[in-house]
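Here is the structure we will look at, set down as structure tokens.
Starting from 1, each residue takes its place in the sequence as its number.
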Amino acid sequence: MSLFKSWQDIVNKQMSQKEYETFWKDYLLKEQNVYDTILSEKTKVIEGTVEELAKTHKLDTVTFVGFLDGINTSLTEEIDLDSLEESTKINAEIDWEKLFFNMLDAKAEWLYTLEGWNDILTVEKRKEIRKDYNVSKQVIKEEKIGRNDPCPCGSGKKYKKCCLNK
């Protein structure tokens with residue numbers, strides 16, 4: 001069984017509410033430690049075998065693949081997670097701006113507020129990314145045409161007598 005399939009099986013396993021909360025609390029702490037290390041060391045490229053990288057971050061290989069699942073969309077080139085084995089060599093470049101944006105999107109405050117960001121993205125750049133994120137979540141309501149308004153097709157008729165009935 002592939003490492004990614006093992007990760008998915010763990011995540012999708014039937015658990016009690018308490019087991020579920022315990023699992024995610026434990027995982028999110030491990031994930032935070034990995035990000036803390038990556039940010040503080042300014043590790044732009046994640047490089048090595050899955051097994052080596054897991055040991056470096058004090059994780060088992062399945063949990064490390066779970067981490068890769070989370071960061072995958074923030075890489076310059078996504079990893080084929082299904083093909084990962086312990087001996088698979090990884091050379092993945094992190095797109096810092098995309099990572100920060102994705103952390104905002106995941107509402108992962110415990111990650112996008114880590115001190116390590118101070119040396120990677122300026123305060124101004126983080127504000128700009130946050131602004132872009134906020135704009136991307138805004139819903140823009142289009143102007144609704146009333147029945148008695150002039151038809152937008154330019155016929156001069158009321159909308160209800162023209163295009164509303166087409």
Side-chain angles (χ1 to χ4, degrees), residues 2-25 27-32 34-36 38-39 42-46 62-84 90-166:
S2 80
L3 293 171
F4 184 58
K5 176 79 172 102
S6 296
W7 169 250
Q8 288 181 316
D9 287 349
I10 291 169
V11 170
N12 296 321
K13 183 176 81 172
Q14 288 291 86
M15 300 181 223
S16 70
Q17 186 66 28
K18 185 174 168 89
E19 290 172 325
Y20 177 85
E21 289 171 4
T22 303
F23 170 77
W24 284 108
K25 183 179 179 185
Y27 172 75
L28 294 176
L29 182 60
K30 291 175 182 177
E31 179 187 50
Q32 182 179 3
V34 175
Y35 277 117
D36 201 24
I38 287 172
L39 294 171
K42 298 182 191 103
T43 308
K44 178 99 171 130
V45 178
I46 301 170
V62 173
T63 304
F64 186 72
V65 169
F67 168 77
L68 291 175
D69 183 25
I71 197 172
N72 206 19
T73 57
S74 301
L75 302 174
T76 55
E77 193 173 314
E78 290 190 24
I79 299 170
D80 178 14
L81 299 172
D82 288 320
S83 68
L84 293 180
I90 293 174
N91 189 342
E93 184 178 348
I94 300 170
D95 181 331
W96 295 122
E97 292 178 19
K98 198 187 292 186
L99 179 60
F100 191 79
F101 184 94
N102 289 339
M103 287 177 173
L104 290 169
D105 193 36
K107 296 173 181 43
E109 186 176 346
W110 64 96
L111 297 177
Y112 64 75
T113 56
L114 289 170
E115 288 292 316
W117 282 111
N118 295 335
D119 296 329
I120 294 174
L121 297 174
T122 64
V123 173
E124 293 79 23
K125 189 63 179 174
R126 285 181 278 163
K127 283 181 181 177
E128 180 184 322
I129 294 169
R130 184 181 298 270
K131 183 178 177 186
D132 290 344
Y133 167 73
N134 290 337
V135 166
S136 75
K137 297 300 173 194
Q138 288 179 348
V139 177
I140 299 172
K141 189 174 177 181
E142 289 188 27
E143 191 71 32
K144 187 174 178 183
I145 303 167
R147 292 172 36 86
N148 290 320
D149 291 342
C151 191
C153 74
S155 67
K157 297 179 182 179
K158 288 185 178 183
Y159 182 59
K160 69 180 176 185
K161 296 279 188 182
C162 188
C163 291
L164 179 63
N165 295 320
K166 287 185 182 177

Per the side chain to side chain donor-acceptor pair (under 3.5 Å) rule, what does the pair list look like for residues 143-157, sequence neighbours excluded? Asn148-Lys160
Glu124 side, atom CD; Ile129 side, atom CD1 - distance, nearest 0.5 Å: 11.5 Å
If I take atom CG from residue Leu99 and atom CG from residue Leu104, how far apart are they, to the nearest 0.5 angstrom? 10.0 Å
Quick one: does Phe23's side chain get under 4.5 Å of Ile10's, heavy atoms only? yes
For residues 114-134, which residue pairs pass the ring pair (Phe, Tyr, Trp, His ring centres under 6.0 Å) check, not counting sequence neighbours? Phe100-Trp117, Phe101-Tyr133
So salt bridge (charged side-chain N to carboxylate O under 4.0 Å, His left out) across residues 6-21, not counting sequence neighbours, yields Lys5-Asp9
Value rounded to 0.5 Å, distance of CG in Asn118 from OG1 in Thr122: 10.0 Å
Strictly by salt bridge (charged side-chain N to carboxylate O under 4.0 Å, His left out), give each pair with a member in residues 107-122 just once, sequence neighbours left out. none
Is there a side-chain contact between Leu75 and Ile94, using heavy atoms and a 4.5 Å cut-off? yes
Please report the shortest heavy-atom distance between Lys42 and Ile120, naming the atom on each side. CG-CG1, 4.1 Å
Atom pairs and distances, side-chain donor-acceptor, residues 67-74, under 3.5 Å, sequence neighbours left out:
unit_1 : atom_1 : unit_2 : atom_2 : d
Asn72  : OD1    : Ile79  : N      : 2.7
Asn72  : ND2    : Ile79  : O      : 3.0
Thr73  : OG1    : Asn102 : ND2    : 3.4
Ser74  : OG     : Asn102 : ND2    : 2.8

Qualifying residues under side chain to side chain contact (heavy atoms under 4.5 Å, CB included), relative to Gln32, sequence neighbours excluded: Leu29, Trp110, Leu111, Leu114
Measuring centre to centre across the rings, with the benzene-like ring taken for any Trp, is Trp7 within less than 6.0 Å of Phe4? no
Any non-hydrogen side-chain atom of Asp105 less than 4.5 Å from a side-chain atom of Tyr112? no
Minimum heavy-atom separation for Arg126 to Leu121, with atom names? NE-O, 3.2 Å
Is it true that atom OH of Tyr20 has more than 12 heavy atoms of other residues, nucleotides or ligands lying nearer than 6.0 Å? no
Lys127, NZ: over 12 other non-hydrogen atoms inside 6.0 angstrom: no
